[in-house]
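Taking it in order: structure first as structure tokens, then the write-up.
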Amino acid sequence: MNSKLTMMAKYMVLFIMVLIAATGILSARGLYADGPFWLYHMLVRGGFYIFDAQRAYAQFLVEFPVYLAIEGGIRDLNTLIRVHSFGLIGVPILFWCGALLIQLRTPIFWWLTLAFTVTYLRSGFFAAGEYNTAYGLVAISFSIILRKELSYFYKAIFLGCAIVLTHAYE
């Protein structure tokens, strides 16, 4: 019975994280702090706005949804604001959820949950996509490293995280 309650609690944690992302996207939280500045420049340029080489790869990840929307012909500003918010809010949380799913059946899950609360919940209210993304990439990398066996799939994810982290946040 305790095992079932533990799994239910873990799924509840994941649900709450998805809920945090959903409310951030719907409330257009990407318009706080630096978010409007980035979105404005993306709209003016019609694509990516990479302003700092030290953050370029993380900026690419969080701006990629907006780039796809622009290329897909979306011109409605309200939709683009929500897509922008997904990049800044949803993408980092997706990395965290991935890290937690990898460790779902281990005690590491709770340590990663603690790391999420200390890092993301402290700063995730603001549109700070690149360092929230960096934290999420570190979490998923850590989660992968702690697996006993690594498939090629996990090795590829780990390599991708390592590459992005070289230019994630100064």
Side-chain angles (χ1 to χ4, degrees), residues 1-35 38 55 57-66 68-69 79 81-170:
M1 184 61 145
N2 190 20
S3 173
K4 287 184 180 182
L5 286 174
T6 300
M7 283 308 290
M8 185 191 285
K10 288 179 178 181
Y11 282 117
M12 184 62 79
V13 165
L14 291 169
F15 174 74
I16 290 170
M17 290 172 69
V18 170
L19 192 60
I20 289 169
T23 57
I25 293 164
L26 293 174
S27 67
R29 198 172 343 131
L31 293 183
Y32 290 102
D34 296 337
W38 292 342
R55 304 176 191 189
Y57 298 162
Q59 287 175 340
F60 175 81
L61 282 177
V62 299
E63 291 179 6
F64 191 66
V66 177
L68 288 177
T79 301
I81 288 169
R82 288 344 181 262
V83 171
H84 176 62
S85 294
F86 170 77
L88 294 173
I89 309 302
V91 168
I93 288 181
L94 286 176
F95 288 129
W96 279 104
C97 285
L100 289 170
L101 284 170
I102 290 169
Q103 295 295 332
L104 186 65
R105 302 204 185 285
T106 72
I108 301 298
F109 179 94
W110 295 116
W111 289 105
L112 285 170
T113 301
L114 178 63
F116 174 76
T117 62
V118 169
T119 58
Y120 187 85
L121 294 179
R122 179 177 62 81
S123 61
F125 179 76
F126 299 100
E130 68 271 346
Y131 65 80
N132 286 329
T133 299
Y135 290 147
L137 289 167
V138 168
I140 202 163
S141 298
F142 179 70
S143 187
I144 289 170
I145 287 171
L146 293 176
R147 290 185 55 88
K148 292 184 187 205
E149 295 180 23
L150 294 180
S151 66
Y152 287 113
F153 176 72
Y154 284 123
K155 288 177 184 178
I157 291 173
F158 183 71
L159 179 62
C161 289
I163 291 168
V164 173
L165 281 167
T166 64
H167 287 80
Y169 193 77
E170 299 176 356

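All values below were derived from every heavy atom in this structure, side-chain atoms included, with hydrogens, water molecules and symmetry-related copies excluded.
The two residues A28 and I81 have their closest heavy-atom pair at CB-CG2, 3.4 Å. Closest approach of R82 to I25, counting heavy atoms only: CD-O, 3.1 Å. Among all heavy-atom pairs drawn from P92 and T133, the shortest one is CG-OG1, 3.5 Å. Minimum heavy-atom separation, E130 to A58: CB-CB, 3.7 Å. Of all the heavy atoms in L165 and A134, the pair that sits closest is CD2-O, 3.7 Å. Of all non-hydrogen atoms in I20 and T23, the two that sit nearest each other are O-OG1, 3.1 Å.
Applying the ring pair (Phe, Tyr, Trp, His ring centres under 6.0 Å) rule to pairs touching residues 86-105 yields W96-F116, sequence neighbours excluded.
Between T6 and W110 there is a side-chain heavy-atom pair separated by less than 4.5 Å. Put simply, the side chain of R55 does not reach to within 4.5 Å of the side chain of V62, judged on heavy atoms. For the pair K10 and L104, the minimum side-chain heavy-atom distance is below 4.5 Å.
Rounding to the nearest 0.5 Å gives a distance of 13.5 Å between CD of Q103 and CH2 of W111. The line from OH of Y57 to CD1 of I163 is 8.0 Å long, rounded to the nearest 0.5 Å. Taking SG of C97 as the reference point, atom CG of L112 lies at 11.5 Å (rounded to 0.5 Å). Distance check: Q59 CD to L88 CG gives 10.5 Å after rounding to the nearest 0.5 Å. Note that the CG atom of L100 and the CD1 atom of I93 stand 11.0 Å from one another [nearest 0.5 Å].
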Show which side-chain atoms of residues 141-154 pair as donor or acceptor with protein atoms under 3.5 Å away, not counting sequence neighbours.
{"unit_1": "S141", "atom_1": "OG", "unit_2": "L137", "atom_2": "O", "d": "2.8"}
{"unit_1": "S143", "atom_1": "OG", "unit_2": "A99", "atom_2": "O", "d": "2.8"}
{"unit_1": "S151", "atom_1": "OG", "unit_2": "F153", "atom_2": "N", "d": "3.4"}
{"unit_1": "S151", "atom_1": "OG", "unit_2": "Y154", "atom_2": "N", "d": "3.3"}

Check your understanding: Given the rule in the side-chain contact (heavy atoms from CB on, under 4.5 Å) test, do H167 and F60 qualify, once you have shown the distances and angles that lead to the verdict?
Key -> CA-CA 10 Å; H167 287 80; F60 175 81; over 6 Å; no
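Here F15 and Y11 keep their ring centres 6.0 angstrom or further from each other.
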